[in-house]
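Okay, structure first, notes after.
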Amino acid sequence: MNYKEEDKKYIEKSGYIAYFDFTEEIISEIVNTDVREVEDRDWQRLIQMLYPTNMIGSGLFQPILIFRVGRNGKRIDPPIEAYNGLDDIKDGTCLLSRIIDHIEKNSELKIDDSWYELKNKILEAGTNED
């Protein structure tokens with residue numbers, strides 16, 4: 001659940017790409033908070049946790065973009081993943097759900113009930129629209 005220094009160095013090699021460090025302690029603090037109080041920087045850390053060897057960015061049309069990074073330290077277009085938000089449903093799931101699943105699978109951390117409530121609300125709304 002901790003980032004690897006070599007991943008951070010690789011992503012930040014060019015000097016213009018930021019890496020969002022994450023540790024089990026930081027993740028624990030974030031997920032023990034009511035989901036409505038989580039700040040943007042914390043969401044970036046959680047997304048980086050899902051994609052530890054990739055660049056996390058945003059775009060003109062989609063606020064969450066995931067890019068590979070080349071040996072020269074520059075992002076490789078097109079993005080490998082693009083999301084309209086944490087609630088963007090793809091293949092029956094969303095980023096929030098993937099974050100929760102990853103934490104449950106890779107740690108013993110306690111996640112605040114508000115996260116599960118929001119996850120269920122998102123997935124139910126997505127299912128009803130299909």
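Throughout, residue positions are numbered sequentially from 1 according to the sequence presented.
- Shown here for P63 and S58, the closest heavy-atom pair between the two residues is O-CB, 3.0 Å.
- The CD atom of E25 lies 11.0 Å from the CD1 atom of I27; values are rounded to the nearest 0.5 Å.
- With salt bridges taken as basic N to acidic carboxylate O contacts below 4.0 Å, one links R75 and D77.
- Under 4.0 Å is where a charged nitrogen must lie from a carboxylate oxygen, and between K119 and D101 at least one such pair does.
- Counting non-hydrogen atoms of other residues, nucleotides and ligands closer than 6.0 Å to NZ of K121 gives a total of 12 or fewer.
- Residues L118 and L86 have side chains not in contact (no heavy-atom distance under 4.5 Å, counting atoms from C-beta outward).
- Closest non-hydrogen pair, M1 versus S107, comes out as CG-CB, 3.9 Å.
- Taking a 6.0 Å sphere around CD of E39, one finds it holds 12 or fewer heavy atoms contributed by other residues, nucleotides or ligands.
- Counting non-hydrogen atoms of neighbouring residues, nucleotides and ligands closer than 6.0 angstrom, the CD atom of E6 exceeds 12 such neighbours.
- Side-chain atoms of T33 come within 3.5 Å of backbone N or O of E29 as a donor-acceptor pair.
- One finds the CD atom of E104 at 10.5 Å from the NZ atom of K110 (value rounded to the nearest 0.5 Å).
- Salt bridge D21/R45: absent, no basic N to carboxylate O contact under 4.0 Å.
- Under a 3.5 Å cut-off, the side chain of N120 and the backbone N or O of Y116 do form a donor-acceptor pair.
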